[in-house]
Structures are given as C-alpha cells and as structure tokens.
Amino acid sequence: MKHHVHREKLLFTWTTTHHQLVAGFKRVRRNKCNRCGRLIPEGNTLCNECFELEKPISKK
C-alpha cells in the first residue's frame with residue numbers, strides 16, 4: 001500500500017491508493033452583514049434573515 005502525507009500549515013492530508021483523509025484546522029474567511037453586523041461567509045453582503053426582510057421572494 002503506497003501512501004503520501006501532505007502538510008499545509010495546520011491542514012494534514014493522508015492519501016492512499018483508494019482513500020483520502022484530511023484533518024486539521026482551516027481558516028474560514030468571513031464578512032459582516034451590511035445591515036445587522038452578523039458574521040456571514042465571504043462573498044455575501046447580507047445575512048439570510050436581512051435578505052428575506054429586504055427582498056420579497058416571488059411565490060410563482
């Protein structure tokens with residue numbers, strides 16, 4: 001069985017012929033909601049609750 005261990009900062013990856021195991025800590029980038037200041041995933045400007053209040057969704 002051949003295997004390979006790769007380390008990138010605090011993220012370890014073990015790869016064998018048929019399996020891959022990833023363990024460790026990965027930094028998650030976050031932004032703040034423009035309206036309420038809650039932490040949300042990067043790339044968004046409004047959280048789901050504020051989006052629902054501002055943008056009515058069509059029921060068609």
Side-chain angles (χ1 to χ4, degrees):
M1 173 198 305
K2 293 183 178 180
H3 67 277
H4 174 74
V5 177
H6 176 73
R7 177 178 172 247
E8 183 179 327
K9 297 187 181 178
L10 292 176
L11 191 66
F12 295 88
T13 305
W14 289 270
T15 307
T16 63
T17 308
H18 300 289
H19 300 89
Q20 181 179 18
L21 176 67
V22 180
F25 298 96
K26 184 177 182 182
R27 182 177 206 98
V28 178
R29 304 226 180 238
R30 300 272 180 177
N31 287 339
K32 286 189 175 183
C33 176
N34 288 343
R35 191 167 184 203
C36 67
R38 193 177 297 159
L39 288 177
I40 54 174
E42 187 177 53
N44 297 339
T45 55
L46 292 173
C47 64
N48 291 339
E49 290 80 15
C50 294
F51 181 79
E52 289 175 7
L53 293 174
E54 281 193 15
K55 314 277 189 214
I57 298 173
S58 175
K59 299 290 182 184
K60 290 183 181 180

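Atoms considered below: every heavy atom in the structure, side chains included; atoms not considered: hydrogens, waters and symmetry mates.
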> Taking only residues two or more places apart in sequence or in another chain, which ones pass side chain to side chain contact (heavy atoms under 4.5 Å, CB included) with Asn48?
Replying inline: none

>> When you group the ILVMFWY residues by side-chain heavy-atom contacts below 4.5 Å and let the links chain together, are Trp14 and Val22 in the same group?
In response: no

> How long is the gap from SG on Cys36 to CD on Glu49, to the nearest 0.5 Å?
Replying inline: 7.5 Å

>> Quick check: closest heavy atoms across Ile40 and Cys47, and the distance to 0.1 Å?
In response: CG2-CB, 3.6 Å

>> Quick check for you: to the nearest 0.5 Å, what is the distance between Thr45 atom OG1 and Asn31 atom CG?
In response: 9.0 Å

>> Just to verify, what does Leu39 make a side chain to side chain contact (heavy atoms under 4.5 Å, CB included) with, not counting sequence neighbours?
In response: Arg30, Lys32

> Can you tell me how far the CG atom of Asn34 sits from the CD atom of Glu54, to the nearest 0.5 Å?
Replying inline: 9.0 Å

